[in-house]
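All figures in this text were calculated on a predicted structure; none of them were measured in a lab. In what follows, chains carry the letters A, B, and so on, assigned in the order in which the sequence lines appear, proteins first and then strands, with residues in each chain numbered from 1.
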Amino acid sequence: MGFEHLKGFRDIFPEDAQVRLELFSKMEDVASRFGFAPIEYPSVEPLDLFKIKSGDELVKQTFSFKDKGDREVTLIPEATPSTVRLLTSRKEISRPVRWYSMPKLWRYEEPQSGRLREHVQFNADIFGSDSIYADAEIIGLATKILDGLGLKEEYEIRLNDRNLMNNILGNIGISNTPAALSIIDHYGKVDNDTLLSEMSDQGIDDEQAESVIKLLGNNLNPPDLMDFLSSLIFMDDKTIENVNRLEDTYTLLKKYTDAKIVVSLSTVRGLGYYTGIVFEGFDRKGELRAIFGGGRYDNLSKLLSEQSIPAVGFGMGDAVLEILLKRTNRWKAEQRRKKYAVCCSTKKLADRCIDLALELRDLGASAISDLNNRSLSAQLKNASSNDCDYAVIIGEADIKSGKVTLRTLRTGEQSQISIEELVKAVRNDHI
RNA sequence: GCCGGGGUGGGGUAGUGGGUAUCCUUGGGGACUGUGGAUCCCCGGACCCGGGUUCAAUUCCCGGACCCGGCCCCA
């Protein structure tokens with residue numbers, strides 16, 4: 001019998017792991033350029049940390065268990081509560097705070113495309129600013145990451161604002177806002193008749209429901225939002241203010257990216273704790289789940305700590321991103337140091353191979369020598385299947401004159417060069 | 001939790017109610033007496049698991065786990 005990974009988990013082999021490593025490193029590089037500092041937190045936390053925010057539905061989908069001290073603990077299903085915990089535990093940190101992390105997250109549910117039971121999520125937050133500059137900066141970070149991956153033409157950003165939606169719904173006469181938002185979130189997944197009956201179940205009359213549905217269908221060019229809304233609903237001062245804020249954020253965001261940006265009034269994000277802007281990134285073909293998503297959550301720190309700290313952040317999971325990169329033929333390793341296989345013609349020279357391999361490694365190259373005392377032809381075969389760029393062959397005759405054979409494996413060309421020349425060439429390759 | 005689809009060596013496949021389960025590839029070893037990925041030879045490796053029907057199940061039936069996708073939910 002054999003063992004396999006658990007359902008919804010992944011084994012990742014070198015050909016993918018290498019690309020992932022580079023992907024993560026690019027994300028961190030952009031975050032660092034934006035002045036975001038890395039944090040880490042435990043993979044196991046008290047279950048209560050997540051109950052406070054989201055309640056039973058979330059708890060049902062966690063990998064949770066009782067520890068030996070009879071405490072309810074869980075593999076973390078999201079990054080934000082832990083991040084807020086770190087922030088609120090150190091009151092001297094000067095604000096605004098820009099933090100990022102790349103945790104593994106777990107959710108216990110049926111796996112499907114782009115959603116697994118274990119995934120890695122890039123997560124970034126800004127704490128201590130309630131301005132549109134923070135909103136634009138955090139979305140800008142997400143766009144710079146994707147743009148840096150060459151995806152500028154492949155995705156779009158959908159913007160909306162929770163305050164705006166609350167005011168619109170209020171003006172229409174709908175009081176049960178959370179229920180209405182939850183139904184709005186279904187828009188596009190179910191037909192409009194279903195939406196109508198869902199609203200009806202929540203005590204929203206048909207006229208109100210029709211007014212809402214009329215708002216949802218279009219992805220708007222943000223500058224057109226004011227005219228669009230004015231033509232359909234009553235605009236009080238508050239709503240006008242919300243629209244202006246969203247349009248101003250859009251204007252700022254244009255500084256960061258040329259990617260497509262729309263206002264999508266059906267993008268509300270599921271959970272109730274968002275308090276301002278909400279946003280999601282989608283592939284433009286609309287085939288995949290959200291690439292990233294986030295928003296402003298000014299009340300969460302109060303719930304967890306009694307401190308009131310405005311916050312805006314997003315998460316970007318590895319699963320959907322990987323699918324998108326593969327579909328657009330961008331899933332390949334790029335930066336790789338040159339790899340040398342140091343081979344010898346006879347077993348007697350094996351020790352010389354070790355010496356030369358060590359020297360090449362010191363110079364920053366990747367170098368291997370044979371571990372199994374195999375024939376030269378086997379060593380070369382191995383070099384080729386290990387994806388080496390060059391074979392350095394140490395032969396009996398050559399070594400006496402201080403030379404080796406440098407063979408370019410891709411072309412088969414080879415030449416005799418002195419070890420000094422080799423060292424010089426390798427060094428130049430790795431400056 | 002629910003629904004649909006799927007399974008033969010590591011990958012890709014042929015085939016069958018009955019005999020040592022086909023072929024390609026990958027992997028390991030060797031030959032070619034110092035140049036690989038060529039050629040030749042050798043070796044390893046599979047019918048998802050359990051139950052049922054049957055003289056006989058990899059094949060038919062049922063169930064389960066797993067994989068792919070969808071629902072629910074979305075962090």
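With salt bridges taken as basic N to acidic carboxylate O contacts below 4.0 Å, none links A/Lys339 and A/Asp387. Between A/Lys7 and A/Glu110 there is a salt bridge, with a side-chain nitrogen of the basic residue lying less than 4.0 Å from a carboxylate oxygen of the acidic one. Residues A/Glu280 and A/Arg269 are paired through a salt bridge, judged by an N-O separation under 4.0 Å between the basic side chain and the carboxylate. Note on A/Arg85 versus A/Glu45: salt bridge recorded, some NZ/NE/NH1/NH2 to OD/OE distance being below 4.0 Å. For A/Glu137 and A/Arg98, the salt-bridge test passes: some basic side-chain N is under 4.0 Å from an acidic carboxylate O. Ion pair A/Arg20/A/Glu15 not flagged as a salt bridge, since none of the NZ, NE, NH1 or NH2 atoms sits closer than 4.0 Å to an Asp/Glu carboxylate oxygen. Comment: A/Lys326 engages A/Glu322 in a salt bridge, judged by a side-chain N to carboxylate O separation of less than 4.0 angstrom.
Proximity of residues 403-411 of chain A to RNA chain B (heavy atom under 4.0 angstrom from any strand atom) is restricted to A/Arg407, A/Leu409.
Ring geometry for A/Phe279 versus A/Phe292: interplanar angle of 30 to 60°, hence tilted. Using cut-offs of 30° and 60° on the angle between ring planes, the pair A/Tyr273 and A/Tyr297 is perpendicular.
Between A/Arg95 and A/Ile309 there is a side-chain heavy-atom pair separated by less than 4.5 Å. A/Leu159 is not listed as a side-chain neighbour of A/Thr249, based on a closest heavy-atom distance of 4.5 Å or more. Looking at A/Ile132 and A/Arg245, their side chains come closer than 4.5 Å, going by heavy atoms from C-beta outward.
Residue A/Asn382 contributes atom CG, which lies 9 Å from atom P of B/rG29 at whole-angstrom precision. Distance A/Lys381 NZ to B/rA31 P: 12 Å, rounded to the nearest Å.
Under the Watson-Crick and G-U wobble criteria, each requiring two contacts below 3.5 Å, nucleotide B/rG4 is paired to B/rC68.
Here, B/rU22 and B/rU16 have their P atoms 15 Å apart, quoted to the whole Å. Here, B/rC66 and B/rC60 have their C1' atoms 22 Å apart, quoted to the whole Å. Across the C1' atoms, B/rA75 and B/rA65 are found 28 Å apart, a figure rounded to whole Å. With P as the reference atom, B/rU59 and B/rU8 are 13 Å apart, rounded to whole Å. The separation of B/rG5 from B/rG9, taken at their C1' atoms, amounts to 24 Å, rounded to a whole angstrom. A distance of about 15 Å separates the C1' atoms of B/rG30 and B/rG36, rounded to the whole Å. Across the C1' atoms, B/rU33 and B/rC43 are found 24 Å apart, a figure rounded to whole Å. Only the P atoms considered, B/rC2 is 9 Å distant from B/rG64, to the nearest whole Å.
Residue A/Ser384 places a side-chain atom within donor-acceptor reach of the base of B/rG36, judged by atom type and a 3.5 Å distance cut-off alone.
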Pick out the pairs of N or O atoms, protein on one side and nucleotides 42-45 of chain B on the other, that lie under 3.5 Å.
none

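As judged by a 4.0 angstrom heavy-atom cut-off over every strand, A/Ile393 is placed among the base-contacting residues. Using a 4.0 Å heavy-atom cutoff across all strands shown, A/Gln414 reaches at least one base atom of the nucleic acid. Among the protein residues, A/Gly315 comes within range of no part of the nucleic acid, since none of its heavy atoms lies under 4.0 Å from any strand. Using a 4.0 Å heavy-atom criterion, one finds that A/Arg10 contacts no nucleic acid atom at all. Contacts of A/Gly317 with the nucleic acid, taken as non-hydrogen atoms under 4.0 Å apart, are absent.
Remark: A/Arg374 is in phosphate contact with B/rG29, judged by side-chain N or O atoms under 4.0 Å from OP1 or OP2.
Crowding of A/Arg352 atom CZ: a count of heavy atoms from other residues, nucleotides or ligands under 6.0 Å not exceeding 12.
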Each nucleotide of nucleotides 65-74 of chain B classed B (base within 4.0 Å of a protein heavy atom), S (only sugar-phosphate) or -, in 5' to 3' order, makes -SS-SBBBBB
